[in-house]
Amino acid sequence: MAVPKRKTSPMKRGFRRSADALANPTYVEDKDSGELRRPHHVDLKSGMYRGRQILKAKTES
């Protein structure tokens, strides 16, 4: 039977358990296009952020 040679330190235990707190990213529905996007991020399709044009809109090609 496998037995650990040393006691796991609280730091190493915390490193291992830190992945438990990870959550899936949240998405909100865009007011203008109705697409899902990350909150506080630029909408990459339209290039809009908070009602202003930040990036050039992607063209269908």
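Along the sequence shown, residues are numbered consecutively beginning with 1.
- Under a hydrophobic-cluster definition in which Ile, Leu, Val, Met, Phe, Trp and Tyr are linked whenever side-chain heavy atoms come within less than 4.5 Å, directly or via other members, Leu36 and Leu44 are assigned to different clusters.
- In this structure, Arg37 pairs ionically with Asp30, as a charged nitrogen and a carboxylate oxygen lie closer than 4.0 Å.
- Looking only at side-chain heavy atoms (C-beta outward), His41 and Tyr49 stay at 4.5 Å or farther from each other.
- Heavy atoms of other residues, nucleotides or ligands lying less than 6.0 angstrom from CZ of Arg16 number more than 12.
- Between Gly34 and Glu29, the shortest heavy-atom distance links the atoms O-CG, 3.5 Å.
- Residue Glu35 holds its CD atom at 12.5 Å from OH of Tyr27, rounded to the nearest 0.5 Å.
- Distance check: Arg50 CZ to Lys31 NZ gives 9.5 Å after rounding to the nearest 0.5 Å.
- Judged by distance alone, the side chain of Gln53 and the main-chain N or O of Leu55 form a donor-acceptor pair under 3.5 Å.
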